[in-house]
Protein chains: 2
Amino acid sequence: MTKEASLKFHMGMGMLINSAHRAMTKRFVQNAMDSGSDISLDQWMVLGPIWQLGSASQKELGEICLKDKTSITRLVDALERKSLVVRIEDQLDHRVKRVVLTNSGKQLFFDVLPIMEKTREEVRENISDEDIDTFKSVLSRIINNLGDGK
Amino acid sequence: MTKEASLKFHMGMGMLINSAHRAMTKRFVQNAMDSGSDISLDQWMVLGPIWQLGSASQKELGEICLKDKTSITRLVDALERKSLVVRIEDQLDHRVKRVVLTNSGKQLFFDVLPIMEKTREEVRENISDEDIDTFKSVLSRIINNLGDGK
DNA sequence: CTATATTAGTTGCTAATGAAACTAATATTA
DNA sequence: TAATATTAGTTTCATTAGCAACTAATATAG
């Protein structure tokens, strides 16, 4: 392998994905903070499905968020510490814990929705819908090629 | 915002990027491990430019790898612990530390190169070069829109 | 019905990240 | 040249992630 080919690799996809992801996360957290909400992107991504579904088991959250159960445990821990959600033991299957939003969880959800939209627009500036579609389709195919990485 | 719109968001880019990145990282580390090399993707991404350049200051590594200086310090720490690199104080500017590969660093570099190539092929399966180009261009534009997130 | 397997979730360990405060060396400028 | 600012890198503290080993509860097989 030539040094040039190596350079090409190093400027490759992995690094770009890493960097883009970091930048998006940082911007979202910053925007939320600027408008007075203290929440990480991962915490937000868990909150949404709970709101949608009314309640969700941790397993369900893992499937929806493409995260492993350990990560979900800890995200729910963090959300519970902030009093945004509570765990409720499932009455039918005592292994299962259903996670539900508290009132302040619902409040925060609605506060942060417009922040999310704002961040999304900042991310997509100068990028056509068509390119975004291709982009998402490539991501899905990568995940498909490799398994979801959970 | 409707629940459907929310779902759309939650299946959005952020999560896909996150998941794809995690899957790629995991596959690379797994492939390396399977062939007997113990190295993380981030460590590898630092190693490459050092090999290319012969030696590199930590600042240079940060610029090339799009990582902040703290991360570089710690990655170089890890590589030094594994005896893959050494830090050498720059003779002209004593603030600067130049990082160079040891012999086992070079050895590992050449051992892992084909693993990288293999992983890259696995990632790109069923994805046309054209889509990859669009994909990378979207990533670059996102990074550009937001700053590099370092 | 009892032994075994599976499932949901948690915990301990290790690695990576980011911000801010810090040290030592070099550059600037008055 | 002396005082100040900037730069390269490190350290500290807090957060986050993944893997593997673990617990408790349910489901399955004999």
Side-chain angles (χ1 to χ4, degrees), chain A residues 14-15 18-19 21-30 32-33 38-46 55-63 65-82 85 87-99 147-150, chain B residues 15 17-19 21-30 32-33 38-46 55-63 65-82 85 87-99 147-150:
Chain A
M15 220 158 66
N18 198 341
S19 186
H21 179 248
R22 221 173 330 114
M24 287 168 63
T25 300
K26 193 171 165 183
R27 179 64 66 95
F28 170 78
V29 171
Q30 188 62 56
M33 192 57 83
D38 174 22
I39 185 141
S40 79
L41 182 55
D42 286 322
Q43 287 167 16
W44 169 254
M45 296 207 309
V46 169
S55 80
S57 72
Q58 298 189 190
K59 179 178 160 61
E60 286 165 349
L61 290 175
E63 283 159 1
C65 301
L66 304 179
K67 287 184 179 296
D68 78 351
K69 58 191 184 170
T70 308
S71 301
I72 298 295
T73 292
R74 285 183 182 132
L75 285 168
V76 174
D77 285 348
L79 292 169
E80 213 172 34
R81 255 181 271 123
K82 293 180 181 177
V85 304
R87 289 173 162 101
I88 297 176
E89 187 171 283
D90 189 292
Q91 285 313 298
L92 293 172
D93 183 340
H94 289 223
R95 289 171 302 185
V96 174
K97 292 175 185 171
R98 307 205 66 80
V99 185
D148 65 12
K150 265 198 298 192
Chain B
M15 220 158 65
I17 290 186
N18 198 339
S19 185
H21 179 248
R22 216 172 333 113
M24 287 169 62
T25 300
K26 189 171 166 182
R27 178 63 67 93
F28 170 77
V29 171
Q30 188 62 56
M33 193 56 85
D38 174 22
I39 185 137
S40 79
L41 182 53
D42 286 320
Q43 288 167 15
W44 170 255
M45 297 206 309
V46 169
S55 80
S57 72
Q58 298 189 191
K59 179 177 160 62
E60 287 164 349
L61 291 175
E63 283 159 3
C65 300
L66 303 179
K67 288 185 179 293
D68 77 354
K69 57 189 184 175
T70 309
S71 300
I72 297 295
T73 291
R74 288 195 279 237
L75 285 168
V76 174
D77 284 347
L79 291 169
E80 215 172 32
R81 253 181 273 124
K82 291 181 182 177
V85 304
R87 288 172 163 102
I88 296 176
E89 187 171 284
D90 189 290
Q91 285 313 298
L92 293 173
D93 184 341
H94 289 222
R95 288 170 302 183
V96 173
K97 291 175 187 172
R98 309 206 65 80
V99 185
D148 67 11
K150 263 198 295 195

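Predicted, not measured: the structure shown is a model, and the values here were computed from it. Reminder, nothing fancy here: chain letters follow the sequence lines and each chain counts from 1. These numbers come from the heavy atoms of this one structure, side chains and all, not from hydrogens, waters or symmetry mates.
Comparing Val96(B) and Gln91(A) along DNA chain D, the residue whose closest nucleotide (by nearest heavy atom) sits nearer the 5' end is Val96(B). Both Leu92(A) and Thr70(A) lie near DNA chain D, and the one whose nearest nucleotide falls closer to the 5' end is Thr70(A).
When rounded to the nearest whole Å, the span between CE of Met45(A) and C1' of dT16(D) equals 13 Å. Computed from coordinates, the Asp93(B) CG to dG9(D) P distance equals 9 Å when rounded to whole Å. Rounded to an integer number of Å, the gap from CG of Asp90(B) to C1' of dA25(C) is 12 Å. The interatomic distance linking Leu66(B) (CG) with dG18(C) (P) rounds to 11 Å, in whole Å. Between Lys67(B) atom NZ and dA15(C) atom C1' there is a gap of 12 Å when expressed in whole angstrom units. Protein atom NE2 of His21(B) is 14 Å distant from nucleotide atom C1' of dA15(C), rounded to whole Å. Distance Glu89(A) CD to dA8(C) C1': 11 Å, rounded to the nearest Å. Atom CZ in Arg95(B) sits about 10 Å away from atom P in dA25(C), given to the nearest Å.
In the set dG18(C), dT26(C), dA17(D), dA17(D) carries the atom at the smallest distance from any side-chain atom of Leu75(A). With distances taken from any side-chain atom of Lys26(B) to the nucleotides dC19(D), dT17(C), dT26(C), the minimum falls on dC19(D). The Arg22(A) side chain lies nearest to dG18(C) when the options are dG12(C), dG9(C), dG18(C).
A donor-acceptor pair under 3.5 Å is absent between the side-chain atoms of Gln58(B) and the main chain of Lys97(B), judged by distance alone.
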Would Lys67(A) and Asn18(B) satisfy side chain to side chain contact (heavy atoms under 4.5 Å, CB included), going step by step from the backbone distance to the final call?
-> CA-CA 10 Å; Lys67(A) 287 184 179 296; Asn18(B) 198 339; 3.5 Å; yes

Side chain to side chain contact (heavy atoms under 4.5 Å, CB included) assessment of Glu63(B) paired with Ile72(B) = CA-CA 10 Å; Glu63(B) 283 159 3; Ile72(B) 297 295; over 6 Å; no

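If you run side-chain contact (heavy atoms from CB on, under 4.5 Å) between Arg87(B) and each of Val96(B), Thr73(B), Leu79(B), only Thr73(B) comes through.
Distances shown here put a side-chain N or O of Thr73(A) below 4.0 Å from the OP1 or OP2 atom of dT10(C). Distances shorter than 4.0 Å separate some side-chain N or O of Lys97(A) from OP1 or OP2 on dT10(C). The side chain of Lys59(A) contributes an N or O atom lying less than 4.0 Å from OP1 or OP2 of dA8(C). Here Lys69(A) does not reach the OP1 or OP2 of dT7(C): none of its side-chain N or O atoms lies under 4.0 Å away.
If you take CG on Leu66(A) and CG on Leu61(A), they are separated by 12.0 Å, rounding to the nearest 0.5 Å.
Across all non-hydrogen atoms, the minimal contact from Asp38(B) to Lys82(B) is O-NZ, 3.0 Å.
Across all strands, Gln43(B) comes closer than 4.0 Å only to sugar-phosphate atoms, never to a base (heavy-atom distances). At a threshold of 4.0 angstrom between heavy atoms, the contacts of Arg87(A) are confined to the sugar-phosphate backbone, with no base atom among them. Backbone-only contact: Asp42(B) has heavy atoms under 4.0 Å from sugar-phosphate atoms and none from a base.
Donor-acceptor pairing under 3.5 Å, judged by distance alone, is present between the side chain of Arg74(B) and the base of dT12(D).
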